[in-house]
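The sequence lines fix the lettering, A, B, ..., with proteins before strands; numbering per chain opens at 1.
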Protein chains: 2
Amino acid sequence: MAVKDKGTEQLIKDTAKRIFFSEGKLHATTQDIADAAGVNRTLLNYYFRSRDILFEQVATEARQEMSAVLDPVFEAELEFKEKLEKLITVFMDQAMKFPYREMYVVTEFNRTSRVIPEEKKTIVKRFLKEISAEMDKGKIRKMDPKQFCINLFALMAYPLITTCLNKSLYNVNDAEYLKLMKDRKKLIFEMIYQ
Amino acid sequence: MAVKDKGTEQLIKDTAKRIFFSEGKLHATTQDIADAAGVNRTLLNYYFRSRDILFEQVATEARQEMSAVLDPVFEAELEFKEKLEKLITVFMDQAMKFPYREMYVVTEFNRTSRVIPEEKKTIVKRFLKEISAEMDKGKIRKMDPKQFCINLFALMAYPLITTCLNKSLYNVNDAEYLKLMKDRKKLIFEMIYQ
DNA sequence: ATTATGTTTAACATTTTTGTTAAACAACAA
DNA sequence: TTGTTGTTTAACAAAAATGTTAAACATAAT
């Protein structure tokens, strides 16, 4: 019945991630997750003690996966232009796979007002400096570098957390919306980098 | 104790809206709402029969309020440039007051995959045509009009649903973030209209 | 075959959240 | 006063979600 390859513990976590981050059911119950994983609900307690711990663990891994993918790009020794292109590609590929992960992190953050680790803030600060330097060079429109950063992430993240609404609003099917999202990579770059 | 001016029923709805849309506690319990309103929880059942009905009613009003504010702008007899400026001002003022209303509508939409009324789709179609015409005039960068629309709403909405996260990430206080958001009105316009 | 170990299950217990009822209360009219 | 209406409350009931326990099960080591 259950796929035992990677072990039940991993299966449960993967299922929880799928339900939360791919299907967007951010408030699924332990029973929902157990059913989707094809295991007895008790196993969630056996492996994770409590629902809160499972949720926290999954959320932490979500943040870590996001960092694991983005940090190397932020810290890469690349020209700003290349870094920006890379960032857009990497972020959007992730967000297309887990359209609700971003939203989950945001809502969780609102709920708990978690503290952002200094190391993360340092990365952001360095990126803001790079943006500033690029503005001085005249490569991008002059503005508060924070605004540039906010624009960038807004353009990347929002269309993916509103996928469902947009498909309905603009009358496009899955394939067409996927194409729109793929096209956005180039489009976003052209919008913010001149 | 309770402010009885507008009646308890209205007080409960207003409190629910505040908790959901201003404070972002999208999954507050009936007890949470009753406490915040300073009334007995039973009153929520007395006035609304069930939690679901209260939630549905509040969600419906949220959509109506959003429409009441946005539709007149969409349908106004204005030059595209003026319409766009107006739209940005109106939408962002609303979103600053109820930063989570947008997110609530999105998550609710994901959960229930509600059908969007034809009348709403018509408004969107007309707006897309206006965008198209403006591109032909060379007033805005050429692209799929849907992409233009997606960009616009992304730039307006996302920074407000990530307020909490951004303040922490960029080390800015409430006042500074408010200024950033106010400045965005002009900035967004300049970004998408040349 | 037996023991030991980790895994899974069913049955039960607890907690949290929601819904119902009947009675108390206040304001007002007859 | 009494009755009427709508509002509020406390006590209770029910449902939903979560957590615990002990026993069954499988597998491999002794």
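For the pair B/L44 CG and C/dT20 C1', the interatomic distance rounds to 15 Å; values are reported in whole Å. B/F48 has its CZ atom 16 Å from the C1' atom of C/dT18, to the nearest Å. Rounded to an integer number of Å, the gap from CG of A/L43 to C1' of D/dG19 is 14 Å. Atoms CD1 (B/I33) and C1' (C/dT17) sit 12 Å apart, rounded to a whole Å. Rounded to whole Å, atom P of C/dT17 lies 12 Å from atom CZ of B/F55. The CD-C1' distance, from A/Q31 to D/dG19, rounds to 13 Å in whole Å. Atom CG in A/D52 sits roughly 13 Å away from atom C1' in C/dT15 (whole-Å rounding).
No side-chain N or O of A/Y193 forms a donor-acceptor pair with one of A/E85 less than 3.5 Å apart. For the residue pair A/Q31 / A/D35, a side-chain donor-acceptor distance below 3.5 Å is found, with atom types taken as modelled. Side-chain contact, B/E102 with A/Y158: a donor N or O sits under 3.5 Å from an acceptor N or O. For B/R18 and B/T15, the side-chain atoms include no donor-acceptor pair closer than 3.5 Å. When only modelled atom types and interatomic distance are considered, B/N45 and B/T42 share no side-chain donor-acceptor pair under 3.5 Å.
Comparing C/dT18, D/dT18, C/dT8 by their closest approach to the side chain of A/R41 singles out D/dT18. Each of D/dG19, C/dG19, C/dT8 was ranked by its minimum atom distance to the side chain of A/N45; first place goes to D/dG19. Taking the side chain of B/Y46 as heavy atoms from C-beta on, and the options D/dT7, C/dG6, D/dT9, the nearest nucleotide is D/dT7. Out of D/dT9, C/dT17, C/dT9, the shortest distance to the side chain of B/N40 is found at D/dT9. For A/R51, whose side chain is taken as the heavy atoms from C-beta onward, the closest listed nucleotide among C/dT9, C/dG6, D/dG19 is D/dG19.
Look at B/T30 and you'll find a side-chain N or O under 4.0 angstrom from OP1 or OP2 of C/dT18. When the side-chain nitrogen and oxygen atoms of B/T29 are compared with OP1 and OP2 of C/dT16, none of them lie within a distance under 4.0 Å.
As judged by a 4.0 angstrom heavy-atom cut-off over every strand, A/Y47 is placed among residues touching the sugar-phosphate backbone only. The residue B/T42 sits close to a base: some heavy atom pair falls under 4.0 Å.
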